[in-house]
Amino acid sequence: MTHPTVAILGAGSMGEILAEGLLRAGWEPANLILLARREERAREAERRTAIEATLDPVAAATGRDVVVIAVKPKDVDHLLSQIKHVITPGQVVLSLAAGVPMAVFESALDDVAVVRAMPNTPAAVDEGMTAYCGGVHADDDALALADMVLSAVGETIRLSEDLLDAVTAVSGSGPAYVFLLAEALTEAAIREGLPHHAAEKLVIQTLRGAGALLSVSDKSAFRLRAEVTSPGGTTAAALHTLEDGGFRALLERAVQSAAQRSKELGAIALERSGESNKN
Ligand SMILES: NC(=O)c1ccc[n+]([C@@H]2O[C@H](COP(=O)([O-])OP(=O)(O)OC[C@H]3O[C@@H](n4cnc5c(N)ncnc54)[C@H](OP(=O)(O)O)[C@@H]3O)[C@@H](O)[C@H]2O)c1
């Protein structure tokens, strides 16, 4: 199988996670290039990934099948100003920048296929969850190319752009909620008298096992939970405390807050790009 050539613009955490995932998925290093803005970062990324890292945005972006935007949202406008004259309609621009609307890319790049994606960090172990949407010029071939790149690091789902704030709040930020649960459960286990290493091992394997069971089982989370909850038993006692303390409502509010913040950041990104287009 021939893999598309991919430029990853922004050799930071997400850029490196994707680069390493593409290598694991069989991409040749020669079909990949990373863009950094500091010599030291470029050499570090090269040492870690064995992929060429350049400081030249034009050399990185020119002629690649897929151009991945992996800089922080605040740096997107500047990066676009550096590459827009070399991006051609045959290329796919795949943005990972959280909250930056497709309109920002489409107004800077004429007639180019834009795909906006929201990945998450379990991509580092090929267990990522990425939702993406296609812009007005993204035809089936462009979407298939973007999907091929994104699925190198986990599952993908195509949704409409208006749902990406909700995606950000659920799967984008979701790993942090699970890590918080792991922290809190480990602390509770230690307070119950378990040694630190045992508490950590019990929690990590429980999260891993429950996640694996949920993902392979044809039963819903509700059913699986009911099956481990005998009336009057220990799990029932714990779940009663969680429900009583507002666990479900709190999670709902947390997701709402993240989605709201994602909307606000999107509005800021649009405003910033409007300003930079005027200049
Ligand atoms: N990390 C996550 O969990 C996650 C999840 C979903 C989406 N994302 C998205 O992925 C993107 C990258 O996030 P990150 O966490 O990987 O950030 P990061 O670690 O800061 O990486 C961004 C990299 O881009 C470099 N950069 C910025 N402007 C550049 C330019 N004009 N030319 C070349 N390099 C440039 C930065 O250089 P310096 O080193 O000099 O700053 C930095 O190394 C963000 O838009 C974020 O919203 C991240």
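The figures here come from the full heavy-atom set of this structure, side chains too, leaving out hydrogens, waters and symmetry mates. All residue numbers in this chain count up from 1 along the given sequence. Counting starts at 1 for both ligands and their atoms, in listed order.
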Nearest heavy atom to atom 6 (C) of ligand 1, choosing from Pro119, Ser171, Ala176, Gly10, belongs to Pro119

Check: of Met118, Lys74, Met14, Glu40, min heavy-atom distance to atom 48 (C) of ligand 1 comes from Met14

A student checking ligand 1 against Leu35 at a 4.0 Å heavy-atom cut-off should list atoms 32 (N), 33 (C), 34 (N)

ask   = Counting N and O atoms only, with roles assigned by atom type, does the side chain of Ser215 sit under 3.5 Å from a partner on the main chain of Ala212, one being a donor and the other an acceptor?
value = yes

Closest to atom 22 (C) of ligand 1 among protein heavy atoms sits Ala70 O, 3.5 Å

In this structure, atom 15 (O) of ligand 1 is nearest to the protein heavy atom Lys72 NZ, 3.4 Å

Any heavy atom of Val71 under 4.0 Å from ligand 1? The part involved is both

Judged by heavy atoms only, the candidate from Arg37, His78, Gln82 nearest atom 36 (C) of ligand 1 is Arg37

_Tell me whether Asp111 contacts the main-chain N or O of Pro89 through its side chain, where contact means a donor paired with an acceptor under 3.5 Å._
no

Closest to atom 47 (O) of ligand 1 among protein heavy atoms sits Ala98 N, 2.9 Å

Pro73 touching ligand 1 at heavy-atom level, < 4.0 angstrom: yes

**Request:** Using a strict cut-off of less than 4.0 Å between a Lys/Arg side-chain nitrogen and an Asp/Glu carboxylate oxygen, indicate whether Asp147 and Arg158 qualify as a salt bridge.
**Result:** no

Worksheet item: So Arg261 and Glu264, salt bridge (charged side-chain N to carboxylate O under 4.0 Å, His left out) or not? Walk me through it.
Response: CA-CA 5 Å; Arg261 186 66 190 136; Glu264 288 163 10; 2.9 Å; yes

Can you find a side-chain donor-acceptor pair between Thr5 and Asn31 that sits under 3.5 Å? no

| said: Between Arg47 and Glu44 (salt bridge meaning N to carboxylate O under 4.0 Å), is one present in this structure? | reply: no

Quick note on ligand 1: atoms under 4.0 Å from a heavy atom of Arg38 include exactly 38 (P), 39 (O), 40 (O)

closest protein heavy atom to atom 21 (O) of ligand 1 is Gly12 CA, 3.1 Å

Per-atom filter on ligand 1: closer than 4.0 angstrom to a heavy atom of Thr121 are 2 (C), 3 (O)

For this session: Please assess Cys133 against Val115 for the test side-chain contact (heavy atoms from CB on, under 4.5 Å), listing each intermediate value before the final yes or no.
Result: CA-CA 6 Å; Cys133 54; Val115 175; over 6 Å; no

Problem set entry | Exercise: do Asp56 and Thr54 side chains pair donor with acceptor under 3.5 Å | no

So for Ala36 against ligand 1, with non-hydrogen atoms under 4.0 Å, the contacting part is backbone

With a 4.0 Å cut-off on N to O distance, would you call Glu252 and Arg248 a salt bridge? no

heavy-atom search around atom 9 (C) of ligand 1 in the protein gives Leu96 O, 3.0 Å

